[in-house]
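Shown next, in structure tokens, is the structure this report addresses.
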Amino acid sequence: MMSRLVKKSPSLCTDLPLDTTDICNKLNLLRQLLRSCFGPTARLKQVHNNIGGHVVTTSSSSVLLPAISSSQPFINLIKTSILNHVSRFSDFGLFAAIFCLALIEQTKQSGLRGNVAIRVNKHLLALCSSYLQGEDCGCKVKLDFCSSHNLITLARSIISSKPACVLTEPETLHISKLTVQAFLLTVPCSSPGTVSLGKVVTVTVEGYSVLNSAVFPGLLVDMPDGLCLNKVNYLSNPLQMVLFSSSLAGDLSELGDGMIEVHPSVDTESQILDQLLELGKQVVADEVKLFVCQKVVHPVLQQYLRSHGIIVVERVGITVMEPLIQLTGAHPVATLHAKIPPKAYGKVQGLSMRQFGSKTMLHLQPLGESAICTMVLCHRNETMLSELKVVCQKTEHVLRLTLREPSALFGGGCTETHLAAYVRHKNKNEVPETASVLGCSQTEYLLGVEVFCRSLESVARALQHDGGYSLIDLTHAHHWTLPADVMEEHMEDSFGLCGCGLVESSPSKKWTYIDTKYAEFSPAPLVKDCPIQPRVLDSFIAKLSALQVATETANLALDVRYIIQDVS
């Protein structure tokens, strides 16, 4: 019987979506949600869909944004753009989202025409990018790879901004040092020709102290059942090993696709087992001491190999295959129906056991210099451990970006307030010419500048979650915070260091609240070779990209005229 055909409903068309109260309310709700997740004192979010499933507890944009679902295409447009930035740069997803949403909201509240705001935003983005990339930038520091201090500061700034990791100060410092150590181990020291970075393999251990986390050169894999290395000393000489990427379980399904014709009198299981044992005989003859398989090894083959003193490691998984190849120099064998060529074998310097709580692991030590290392992360429960793993992997990626551009920006909101002051000052004497070039009035241009600068400052203000106040000093234009309970007559006594930790308070300094107007000024440069080191640093490349993505996404949103949405 034919099913009844139902006529499709007409598509839903929304004209000028930013004039729609429902969409504006959703954008504001998203901004408040993400703003509350920003910075070291951020509030955590628990996300759970309405049909059950896993509860996500996080303040990381890479975890939070995919967990938030919306039926509104306008919201998904912004979310997708931010996630694309995070997938490439690992950091500053929240910065990009908060700045983007603030630009949209401030533009609508100001009454500035959308096409004018887009042109002004493009101009100011180019101005900021040029300043940040210039040699005279007053909110940038060079990273010295001869010292790990600033690298640890950069790592610590990222890790401490994710409160879902639930780390104490000593734990934060410990994990920051480990992340830098792991990153440095992936950078080859004496490789001729094109340099290829190595890889950090992360192993998690639940229910163990964070301070027991450690980094090891080489690879740690799950300990094979029944193996005891105490009886045999494998550390004296390099060991030959073989690596299989195909299953050695003996299943017909592993022989490939297509039809297989089998004579009724043939015992296929026996023939495959014979083939596996022939493989085992060759491995024994070639003096292999370590037999590793990505998938499953048949129990009979395992028993045969172990009886000849060969260590068998199975089910290592596809993620460990590439590091294993780099570490050992082995070429993965993809079939059991041919002899293993001599060039397929690899080597490890030695094997040892590592104990982490109830978890015992086999440590494959590299032969000579290797850019492969294993980071063992421990934490008290699964939720904290999951967040810590994500944050450490993102931090290691950010550290890799410093190899492309060995610079960092002031953290703690200081780059945002400094940029806002710079943009206001830079545009003071160029209003007539710039407004003419952009095809708008001087009033519109000044309004656009104020919208852009207030949006930047709103990101710095988003770091405050305890009812305190955000201020800017009128000398260097750095960001300062005041607790909510400080009386006005005691304000100067409450200032210690600015957000990034580079500027100290003094009786001669003047401050003003960020959300109030102040006379424009040129931010004074800091004294070079200052003995004080920054306490909070941000990735230069990641933040510059986030600034560009946020502005371009806001411009795209301001330029949308219609949303056409299919409905069932």
Checklist entry - Under a 4.5 Å cut-off applied to non-hydrogen side-chain atoms, are Phe452 and Phe99 in contact? => result yes

Item to check | Electrostatic pair Glu405:Lys142 at N-O distance under 4.0 angstrom | outcome: yes

Checklist entry - Just wondering, do Leu388 and Cys392 contact through their side chains at under 4.5 Å, heavy atoms? => result yes

Item to check | Close side-chain approach of Leu401 and Phe540, heavy atoms under 4.5 Å | outcome: no

Checklist entry - Is a side-chain donor-acceptor pair under 3.5 Å present for Glu387 with Thr58? => result yes

Checklist entry - Could you give all pairs that pass the ring pair (Phe, Tyr, Trp, His ring centres under 6.0 Å) test and reach residues 196-219, with sequence neighbours left out? => result Phe216-Phe356, Phe216-His363

Item to check | Heavy-atom pair of closest approach, residues Leu385 and Leu377 | outcome: CD1-O, 3.5 Å

Checklist entry - Which heavy atom in Lys199 sits nearest to a heavy atom in Pro323, and how many Å separate them? => result CD-CG, 3.5 Å

Item to check | Minimal non-hydrogen separation, Ala371 against Pro188, with atom names | outcome: CB-CG, 4.3 Å

Next on the checklist: With heavy-atom distances below 4.5 Å as the criterion, would you say the side chains of Ile175 and Ser213 are in contact?
Outcome noted: yes

Checklist entry - Should we say atom NZ of Lys140 is surrounded by more than 12 heavy atoms from elsewhere, each under 6.0 Å from it? => result yes

Checklist entry - Salt bridge check: are Glu457 and Arg461 linked by an N-O gap of less than 4.0 Å? => result no

Item to check | Distance-minimising heavy-atom pair for Leu219 and Thr374 | outcome: CA-OG1, 3.2 Å

Checklist entry - Do Arg454 and Glu105 pass the salt bridge (charged side-chain N to carboxylate O under 4.0 Å, His left out) test, and can you show the C-alpha distance, the side-chain angles, and the key distance before you say yes or no? => result CA-CA 11 Å; Arg454 282 183 173 270; Glu105 189 172 287; over 6 Å; no

Next on the checklist: Restricting to non-hydrogen atoms, name the atom on Ser148 and the atom on Val180 that form the minimum distance, rounded to 0.1 Å.
Outcome noted: CB-CG1, 4.5 Å

Checklist entry - Hey, is the main chain of Cys24 close enough, under 3.5 Å, to the side chain of Asn28 for a donor-acceptor pair? => result no

Checklist entry - Run the salt bridge (charged side-chain N to carboxylate O under 4.0 Å, His left out) check on Asp538 and Lys543 step by step: do they pass? => result CA-CA 7 Å; Asp538 291 338; Lys543 195 159 199 175; 2.7 Å; yes

Checklist entry - Has Lys517 got more than 12 heavy atoms of other residues, nucleotides or ligands less than 6.0 Å from its NZ? => result no

Item to check | side-chain contact (heavy atoms from CB on, under 4.5 Å) between Leu438 and Val120, worked out | outcome: CA-CA 7 Å; Leu438 296 178; Val120 173; 4.1 Å; yes

Item to check | Between His478 and Phe410, ring centroids under 6.0 Å | outcome: yes

Checklist outcome for this item: Correct closest heavy-atom pair for Ala460 and His479 would be O-CE1, 3.5 Å

Item to check | Partners passing side-chain contact (heavy atoms from CB on, under 4.5 Å) against Asn76 (at least two apart in sequence or in another chain) | outcome: Ser70, Lys79

Checklist entry - How about Thr553 and Leu103: do any of their side-chain heavy atoms sit closer than 4.5 Å? => result no

Checklist entry - Side-chain contact, heavy-atom cut-off 4.5 Å: Lys510 with Thr475? => result no

Item to check | Reference residue Lys394; test side chain to side chain contact (heavy atoms under 4.5 Å, CB included); the match among Ile158, Leu399, Val86, Asp91 | outcome: Val86

Next on the checklist: Quick one, Ile78 and Leu27 - any side-chain contact, counting heavy atoms below 4.5 Å?
Outcome noted: yes

Item to check | Close side-chain approach of Ile23 and Ile75, heavy atoms under 4.5 Å | outcome: no

Checklist outcome for this item: Applied to residues 132-185, the ring pair (Phe, Tyr, Trp, His ring centres under 6.0 Å) test, sequence neighbours excluded, yields none

Checklist entry - Should the ring pair His85 and Phe89 be called parallel, tilted or perpendicular, given that the plane angle runs from 0 to 90° and is split at 30 and 60? => result parallel

Checklist entry - Quick one: which of Arg424, Glu520, Gln106 gives a side chain to side chain contact (heavy atoms under 4.5 Å, CB included) with Cys453? => result Arg424

Item to check | Where at least one partner belongs to residues 107-134, residue pairs that pass salt bridge (Lys or Arg N to Asp or Glu O under 4.0 Å), sequence neighbours excluded | outcome: Asp19-Lys108, Arg113-Glu444

Side chains of residues 37-47: which donor-acceptor pairs under 3.5 Å do they make with residues two or more places apart or in other chains?
{"unit_1": "Arg43", "atom_1": "NH1", "unit_2": "Thr41", "atom_2": "O", "d": "2.8"}
{"unit_1": "Arg43", "atom_1": "NH1", "unit_2": "Asp466", "atom_2": "OD1", "d": "3.4"}
{"unit_1": "Arg43", "atom_1": "NH2", "unit_2": "His465", "atom_2": "O", "d": "2.9"}
{"unit_1": "Arg43", "atom_1": "NH2", "unit_2": "Asp466", "atom_2": "OD1", "d": "2.7"}
{"unit_1": "Lys45", "atom_1": "NZ", "unit_2": "Ser36", "atom_2": "OG", "d": "2.8"}
{"unit_1": "Lys45", "atom_1": "NZ", "unit_2": "Arg43", "atom_2": "O", "d": "3.4"}
{"unit_1": "Gln46", "atom_1": "NE2", "unit_2": "Thr57", "atom_2": "OG1", "d": "3.2"}

Item to check | Set of side chain to side chain donor-acceptor pair (under 3.5 Å) partners for Thr168, sequence neighbours left out | outcome: Glu171

